[in-house]
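Reading through the structure tokens given below for one structure.
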Amino acid sequence: MVTAEDEVVGLASELIRFDTSITDDPRDGNGERAAAEFVAERLADAGYAPEYVESGPRRGNVVVRLPGADPGRGALLVHGHLDVVPADPAEWSVHPFSGEVRDGYVWGRGAIDMKHMVAMSLALARRYRRESLVPPRDIVFAFLADEEAGGFQGARWLVEHRPELFDGVTEAISEVGGFSLTVRDGVRAYLVQTAEKGAVWLRLKVRGTAGHGSLVHTDNAVARLAAAVTRLDGHRFPLVLTGPMREFLHGVAELTGVPFDEADPEAAVARFGNAARLIGAALRDTANVTMFSAGVKANVVPSVASATVDGRVLPGREDEFRRTVTELLGPDVEQDWASLPPVATTFDGRLVDAMTAALVAEDPGARVLPYLLPGGTDAKAFQALGIRSFGFAPLRLPPSLDFTSLFHGVDERVPVDGLRFGVRVLDRLLRGC
Ligand SMILES: [Zn+2]
């Protein structure tokens, strides 16, 4: 009999081989159709009749429901995105779309963001159907397009146009959580995401006086915009200890024996090594300028300069963030704001208990803690349906692996052992929650 653990590594490799990279252009999604068709076929092989939905040309999504023993209980949504961010083969040790298994890892773009979870849930969905296993509650498996561009052709589109696919769903699991963080020798904390920051994309424009580059200029749009974004870049938003981060930092303090001083969370963050960047970003708002453009020729002062800022805002701080950014940029800068809301739920209930039990069963001594993700996920879209979201894509990671830098990074890879561990944990959760 083929188990999910047997299938998961092969499925992860096969999924990585579909180049599902997308950009911010909604017309890009060539590989998504092929990957979604692959998922639909694997589900159909196992006996499902999955729903294949395109939100636009080639923007494939797949949703399937496995009925549970108690239809009176809310359904659990297990979702993962099929799209990835682009990768330049010249920078990688292996081809980013090879799915190669080497040195104990599956390599490739999407290995941890997040075809590993897609492979785990697909392997389990197949097994449950093949063996007629009935989970305690309905499980809706969703394989989605476009997460890396905000989910407008994926989760967000389905929530708006096909909400009946998620009828009765009360809770969801997906990225980014369930992974281990070694806090001291052999002692692992597993981080479950219970909240995520809001995202703000801010397009800025400054208009000035155009003219010949050889003359004296006092109204240069490029220089004025550069000064404004430099002010923004120089600003440090205040430290805010949200509920999940307080619980997380106190939990780690108990595990390590190093006391946590709430007045100085940055001292605690500094002790996390590679993970410090991720954890530090969960303690304050950020606003990074990511795009800047102006001018067409060396001897022409242009009349317009524009820039884009990627802002990330802690739950409850949206108004304060907007006030501060507007003040820093000053009155000359035109601002166009597009925002996606923060997400937050509490770290309690039967599902959380089942996550903890599943992790402890596979890794005795594991400590399961909530945290806030500084990034954004499709949880934002599902929040609109009143669904409680958790980041739970279980993985046990070797202590030396710089997990944070693998997201959208070069040589993204997932440990084969970790993947097999993850499928065992996820199996316990889905059958025990
Ligand atoms: Zn992702």
Side-chain angles (χ1 to χ4, degrees), residues 11-12 15-16 18-24 28-29 31-32 35-36 39 59-62 77-87 96-97 99 106-122 141-159 172-179 191-199 201 275 277-278 281-282 310 312 340 342-343 371-383 387 389-395 397 401-414 418-419 422 426:
L11 285 173
L15 286 160
I16 289 167
F18 294 98
D19 175 353
T20 53
S21 52
I22 61 164
T23 66
D24 289 339
D28 277 345
E32 286 172 334
V39 168
R59 311 307 305 268
N61 299 271
V62 178
L77 171 64
V78 180
H79 61 98
H81 62 84
L82 295 168
D83 61 299
V84 296
V85 295
F97 299 106
V106 185
W107 298 67
R109 175 59 83 224
I112 52 125
D113 186 11
M114 59 172 297
K115 288 174 170 173
H116 70 315
M117 178 62 168
V118 170
M120 291 194 283
S121 32
L122 182 57
F141 293 96
F143 305 90
L144 304 166
D146 201 40
E147 191 274 343
E148 298 290 359
F152 295 94
Q153 303 294 319
R156 214 163 277 280
W157 192 93
L158 290 171
V159 163
I173 59 167
S174 189
E175 59 180 350
V176 176
F179 56 90
L191 279 57
V192 174
Q193 178 195 328
T194 58
E196 65 186 45
K197 280 178 162 177
W201 290 290
R277 282 194 306 150
L278 176 79
D310 183 353
R312 304 299 174 125
L340 296 173
V343 175
Y371 89 111
L372 178 145
L373 177 74
T377 72
D378 279 337
K380 292 191 188 314
F382 291 114
Q383 181 172 245
I387 295 172
S389 280
F390 297 91
F392 192 80
L395 266 187
L397 301 168
L401 185 68
D402 182 359
F403 184 58
T404 309
S405 75
L406 296 179
F407 283 82
H408 300 188
V410 171
D411 285 344
E412 184 179 348
R413 60 199 184 279
V414 65
L419 201 53
L426 194 59

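Residues: numbered from 1 along the sequence shown. Hydrogens, waters and symmetry mates play no part in the numbers below; they use all other heavy atoms, side chains included. Counting convention: from 1, in listed order, for ligands and their atoms alike.
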- When you measure from the side chain of R413 to the backbone N and O of I112, does any donor-acceptor pair fall under 3.5 Å? no
- Message: Once side-chain contact (heavy atoms from CB on, under 4.5 Å) is applied, do any residues pair with Q383, and if so which ones, sequence neighbours excluded?
- Response: P341, V343
- Message: Tell me every residue that passes side-chain contact (heavy atoms from CB on, under 4.5 Å) with A149, counting only those two or more places apart in sequence or in another chain.
- Response: I22, D24, D146
- Check the angle between the aromatic planes of F403 and F179 and answer parallel, tilted or perpendicular using the 30° and 60° thresholds. tilted
- Within less than 2.8 Å of the Zn ion (ligand 1), how many protein N/O/S atoms are there? 4
- Item | A172: side-chain contact (heavy atoms from CB on, under 4.5 Å) partners, not counting sequence neighbours | L77, H79, I387, S389
- H116, E147, Q193 screened by side-chain contact (heavy atoms from CB on, under 4.5 Å) with E175, the one that passes: E147
